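For reference, the structure discussed in these notes is given below.
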Amino acid sequence: MRNAEPVWPSADPPDDLAELARQVLAGDAKAMRAFLATAAVPMLSVVRRVLGSGNPEAEDVLQEALMGLVDALPRFRGESRAVRFANRVALFTAMAARRRWRTRTRWIQDNCADMPDTGSSSSPLEMAIENSRRQALRRVLDDLPTKSADVLAMHFILGYRIEEIAAALGVPVNTVWSRLRVGKEAFLRRIEKDAQFTDDLARRKG
């Protein structure tokens, strides 16, 4: 039985960051406050997708990500939308935070409604199944080697295509495919081990 892959809503708003980024890079100190305030909205969404919306440390991780964005901004050359650049920084910062926390505790509490409602008319059972997938994906991201976890997160959480991941990471497309395959296989194994998910899926199809 083939399990469906999780569907993550897009995190990208209109690219209001682009002009602000150009002003900051041109040395406009006053633009920095507006740049960070604008970037914080989509970046917090990404952080919460990685950590779970109920995680009390999401705001702290966002602040860390914003500082990382300021450090990384000189490398931004406009080859992609500024908001995508910022979201990548948020993604990698949040994933690094999860890895740090994993040394303190094996589990980070997820709450059953940790992803925002996308406006679908899903039944409670469908929502429970989707939540199981999200939790399984987060656990896989914790367990995978960093390089494979980064590719899996960029693909599922940010919605990047293979070619975009390759360009962002500076690696060949075949390397991305290989890392993504490792991640997907681990994700499917995790779902298969989730007895509750299997029972829910069987009842749904029954």
Side-chain angles (χ1 to χ4, degrees), residues 8-53 55-103 108 116 137-138 140-142 144-180 183:
W8 298 80
S10 173
D12 289 352
D15 194 10
D16 297 331
L17 282 180
E19 180 58 32
L20 289 170
R22 285 192 287 269
Q23 293 173 20
V24 172
L25 289 171
D28 186 345
K30 293 182 178 179
M32 179 64 78
R33 183 184 296 272
F35 174 77
L36 292 177
T38 304
V41 176
M43 290 176 72
L44 181 58
S45 176
V46 172
V47 168
R48 285 175 170 165
R49 292 181 189 193
V50 175
L51 305 183
S53 64
N55 193 299
E57 299 195 49
E59 293 285 348
D60 291 339
V61 173
L62 171 64
Q63 294 304 314
E64 182 182 348
L66 288 170
M67 289 188 290
L69 177 61
V70 172
D71 291 340
L73 193 57
R75 300 196 296 273
F76 179 66
R77 296 291 181 265
E79 65 277 4
S80 65
R81 300 173 73 235
V83 70
R84 289 168 70 82
F85 183 85
N87 282 347
R88 282 206 307 272
V89 173
L91 178 78
F92 294 144
T93 302
M95 291 181 64
R98 282 186 70 95
R99 293 178 188 121
R100 290 196 305 269
W101 298 338
R102 191 170 172 235
T103 65
I108 294 176
L137 180 57
R138 290 196 185 101
V140 167
L141 293 177
D142 287 342
L144 279 175
T146 299
K147 292 180 178 179
S148 292
D150 287 349
V151 167
L152 193 69
M154 291 179 75
H155 183 64
F156 281 130
I157 297 178
L158 296 186
Y160 275 36
R161 298 189 303 273
I162 299 301
E163 295 78 9
E164 291 176 317
I165 297 173
L169 298 181
V171 299
V173 168
N174 286 343
T175 299
V176 175
W177 275 115
S178 177
R179 294 176 186 174
L180 186 60

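Please read all numbers here as calculations on a predicted model, not as lab measurements. Count residues from 1 along the sequence.
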Pairwise side-chain contact, Leu91 with Asn87, heavy-atom cut-off 4.5 Å (strictly under):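 No. Closest side-chain heavy atoms not under 4.5 Å.
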Phe92 side chain near Met154 side chain, heavy-atom distance below 4.5 Å: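 Phe92 vs Met154: side chains touch.
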Please round to the nearest 0.5 Å and tell me the distance separating atom [atom1] of [X] and atom [atom2] of [Y].
{"X": "Arg138", "Y": "Leu51", "atom1": "CZ", "atom2": "CG", "value": "8.0 Å"}
{"X": "Leu152", "Y": "Leu180", "atom1": "CG", "atom2": "CG", "value": "6.0 Å"}
{"X": "Glu59", "Y": "Arg48", "atom1": "CD", "atom2": "CZ", "value": "6.0 Å"}
{"X": "Phe85", "Y": "Leu69", "atom1": "CZ", "atom2": "CG", "value": "6.5 Å"}
{"X": "Met43", "Y": "Gln63", "atom1": "CE", "atom2": "CD", "value": "9.5 Å"}
{"X": "Thr146", "Y": "Leu141", "atom1": "OG1", "atom2": "CG", "value": "10.5 Å"}

Shortest non-hydrogen contact between [X] and [Y], atoms and distance:
{"X": "Ala97", "Y": "Val61", "result": "CB-CG2, 3.9 Å"}
{"X": "Gly68", "Y": "Val89", "result": "C-CG1, 3.9 Å"}
{"X": "Leu17", "Y": "Ala82", "result": "CB-CB, 3.6 Å"}
{"X": "Ala90", "Y": "Ala65", "result": "CA-CB, 4.0 Å"}

Side-chain donor-acceptor contacts of residues 163-177 below 3.5 Å, not counting sequence neighbours, with atom names and distances?
| from | atom 1 | to | atom 2 | distance (Å) |
| --- | --- | --- | --- | --- |
| Glu164 | OE1 | Arg84 | NH2 | 3.0 |
| Glu164 | OE1 | Arg161 | N | 2.9 |
| Glu164 | OE2 | Arg84 | NH2 | 2.9 |

Tabulate below the donor-acceptor pairs under 3.5 Å that side-chain atoms of residues 24-41 make, not counting sequence neighbours, or state none.
| from | atom 1 | to | atom 2 | distance (Å) |
| --- | --- | --- | --- | --- |
| Asp28 | OD1 | Lys30 | N | 3.0 |
| Asp28 | OD1 | Ala31 | N | 3.4 |
| Thr38 | OG1 | Ala34 | O | 2.8 |

Working for side chain to side chain contact (heavy atoms under 4.5 Å, CB included), residues Leu66 and Leu62: CA-CA 6 Å; Leu66 288 170; Leu62 171 64; 4.1 Å; yes
